[in-house]
Amino acid sequence: MTAFVLTPPPAPTVAVAGSVARFPVHRIYCVGQNYAAHVREMGGDPARTPPIFFTKPADAVLADGADLPYPPCTANLHYEAELVVALGLGGRNIAPADALAHVYGYAVGNDFTRRDLQAAAKDQGRPWDAAKGFDHSAGISAIHPVGSTGHPRRGQIWLTVNGAERQRSDLDEMIWDVAGVIAELSCYWRLAPGDLIYTGTPHGVGPLVAGDVVVVGIEGLGTLTHRIVAIAAD
Ligand code: MN
């Protein structure tokens with residue numbers, strides 16, 4: 001039995017719809033700029049700005065219904081409604097035609113972002129980690145196994161803040177579809193069971209403040225709700 005010099009941290013996990021067993025999170029990958037209208041609202045040209053990849057720490061997952069403490073070191077926290085892919089099988093250089101066989105299930109996600117820090121990082125050619133990979137930055141619903149939902153190739157994706165709609169699009173608007181994202185990601189990293197992939201957000205991103213309730217919905221996958229709460233003064 002392995003001895004540890006510190007108590008090992010708990011393994012991050014996500015609920016699975018219809019099961020008491022949980023999904024163990026290995027890594028969190030994210031796709032940026034995967035809907036053309038969002039690329040344009042961020043000042044890019046979809047024809048010249050290919051989707052990009054970034055990551056979040058595995059323990060950034062924030063369960064449905066949990067409060068999100070307004071993160072420190074930002075004055076412009078943003079929501080991003082996203083489809084999340086949960087992998088059940090790994091591999092590298094996965095062919096697009098084989099990619100969907102690696103999917104365990106799908107979830108509703110919210111890629112919380114410190115937009116001011118991201119804008120500064122872009123301007124200065126610096127990394128996005130502080131903008132994207134902060135504590136609790138990966139909102140995620142229960143995962144729906146493929147056996148119960150199939151592979152959602154189309155379907156409405158929307159987001160509300162305090163009941164007012166802020167984002168609405170369709171999954172078929174993604175520049176790279178799920179199979180294409182898995183295939184491309186697997187060129188850069190050996191993917192593994194337990195990986196989560198946030199597949200990018202549609203247009204309409206915007207700010208959140210303490211007290212807001214943000215809800216993301218995806219047709220066939222249900223909803224994901226978080227309340228933003230003020231940072232504890234500690
Ligand atoms: Mn995103």
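Excluded from the calculations below are hydrogen atoms, water molecules and symmetry mates; all remaining heavy atoms, backbone and side chain alike, are included. Atoms within a ligand are numbered from 1 in the order they appear, just like the ligands themselves. Index from 1, following the sequence. Just so it is clear, the structure is predicted and the values come from calculations on it, not from any experiment.
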Check: T13/R22 side-chain N/O donor and acceptor closer than 3.5 Å: yes
Closest approach to the Mn ion (ligand 1) by E80, given as the N, O or S atom name: OE1
Ring geometry between Y29 and W189 (parallel below 30°, tilted from 30 to 60°, perpendicular above 60°): tilted
Of the N, O or S atoms in D111, the one nearest the Mn ion (ligand 1): OD2
Ionic contact status for R166 with E80, cut-off 4.0 Å: no
Any side-chain heavy-atom pair of V178 and Y106 under 4.5 Å: yes
N/O/S atom name from E82 that is nearest to the position of the Mn ion (ligand 1): OE2
